[in-house]
Novice: 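Sending over a structure as structure tokens; questions will come in a sec.
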Amino acid sequence: MTAPITAQHLSVKKSFRPGELWLDTDGKHINAHGGGILFHKGKYYWFGEHKVAGPDGNKAMAGVSCYSSKDLYNWKNEGIALAVAAENSGSEIEKGAVIERPKVIYNEKTKKFVMWFHLELKGQGYNAARTAVAVADKVTGPYTYLKSFRPHAGVWPANATEAHKTVPVIVKDNDPAWEQKVADGALLQRDFEGGQMSRDMTLFVDDDGTAYHIAASEENRTLHISKLTDDYTGFTDEYVRVFPGGRNEAPAIFKKGGKYFMITSGLTGWAPNAARSAVSEHMMEGWKQLGNPVRGTEEEKNTTFSSQSTFVLPVQGKKNAFIFMADRWRPKNPIDGRYIWLPLIFEDGKPVLKWQEEWTLDTLMQKNESDD
Ligand code: DGJ
């Protein structure tokens, strides 16, 4: 049962309470699931999936929500940043489509805000597996929808082997060696002409302004990291396969001390599973697994505190201060999904997550100071 809303919920917040109802400044539970955050001109903007009540509540009925905050605890509803199109309009983003994991980045050259998200076309389940892009002149929107597609049609990844390009790997649906054949490139080859599948995704902008799109491809078996064009609204031909057959979803990427770190989940639908972490000196090669970042009870380790990663937020103006953002999904009533925000700390060069009932940004700083 949902706990009653108390005066404490409505007062100005001074801490994070992972998993509890998180009310915005209007007193409503924040509706920005699978989200991502952009810091712009002194404010944080949280974009996420707007969900509704009931078992069908994962379908996009309104679009992508946006909230703003100066302190990360108190969030103002800025309304719907990208609105769905009218039902039966034939638009790719019409009401009833699935819009997941929206992420927004700012392009310094074009002065545009660019939103990418995972799109599933209405009435097609999760078969479309497309990525989609929208742009705006103002951070809070309205965002104008541009297009959706499966990326890299007719292009091999930079780390494709000669065998990938020349020796067909044939796989049938009930093939006992399905996982291995897919890891070996069966779906990469199958989708070579039409474009690669793109589901759970995130974006990362590097210090030099290069933006990357990181997505679960090949039936969520293999991650694809792709370089976006200079204006961030399209894909270049540069991409790589990462952890083939690794079944990684929900990627979140951040950079610390010149290295790139990645947190992902495993592949179990809405049910939580154990998180993974990885590191690399370069975005497009050399990724190495670092294991489960969670420290705690067996249950916490096996379920990532009953949640799934969505974003890692660098806290502005503080060195090495990162927040791990995750979703505790409620598939039977998606609007009631909860947010798990925890300090992301480092131990022995590895990202580490520990449960906190309640915490503040000050704690985060103290933990990180002892680190680097
Ligand atoms: C897990 C993904 O991480 C979610 O974003 C969503 O796509 C669900 N699967 C759907 O089952």
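Remember, it's 1-based here, ligands and their atoms both numbered in the order they're listed. Note that the coordinates shown come from a computational prediction; the quantities given were computed from them, not determined experimentally.
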Novice: A side-chain contact here means heavy atoms from C-beta on lying under 4.5 Å apart; do Leu119 and Tyr145 qualify?
Specialist: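 Heavy-atom side-chain distance check passes, below 4.5 Å.
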
Novice: Thr25 and Tyr67: side-chain contact (heavy atoms from CB on, under 4.5 Å), yes or no, with the steps?
Specialist: CA-CA 10 Å; Thr25 51; Tyr67 291 78; over 6 Å; no

Novice: Identify the residue among Glu219, Glu100, Glu218 that makes a salt bridge (Lys or Arg N to Asp or Glu O under 4.0 Å) with Arg199.
Specialist: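 Exactly one option meets the salt bridge (Lys or Arg N to Asp or Glu O under 4.0 Å) with Arg199, and it is Glu219.
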
Novice: Looking at Lys70, I'd like to know if its NZ atom is crowded, meaning that more than 12 non-hydrogen atoms belonging to other residues, nucleotides or ligands lie closer than 6.0 Å.
Specialist: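 Open.
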
Novice: Under a 3.5 Å distance rule, please check whether Glu249 uses its side chain to pair with a backbone N or O of Leu267 as donor and acceptor.
Specialist: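 A pair under 3.5 Å: no.
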
Novice: Establish, yes or no, whether the cationic atom of Lys256 lies under 6.0 Å from the six-membered ring centre of Phe346 and within 45° of the ring axis.
Specialist: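 Output yes; distance and angle both within limits.
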
Novice: For ligand 1, find each of its N or O atoms that sits under 3.5 Å from a protein N or O atom, and tabulate the pairs with distances to one decimal place.
Specialist:
residue	atom	partner	partner atom	Å
ligand 1	3 (O)	Arg101	NH2	2.9
ligand 1	3 (O)	Asp200	OD1	3.3
ligand 1	3 (O)	Asp200	OD2	2.4
ligand 1	3 (O)	Gln308	OE1	3.0
ligand 1	3 (O)	Gln308	NE2	2.9
ligand 1	5 (O)	Glu100	OE1	3.3
ligand 1	5 (O)	Arg101	NE	3.0
ligand 1	5 (O)	Arg101	NH2	3.4
ligand 1	5 (O)	Asp200	OD1	3.2
ligand 1	7 (O)	Glu100	OE1	2.6
ligand 1	7 (O)	Glu100	OE2	3.4

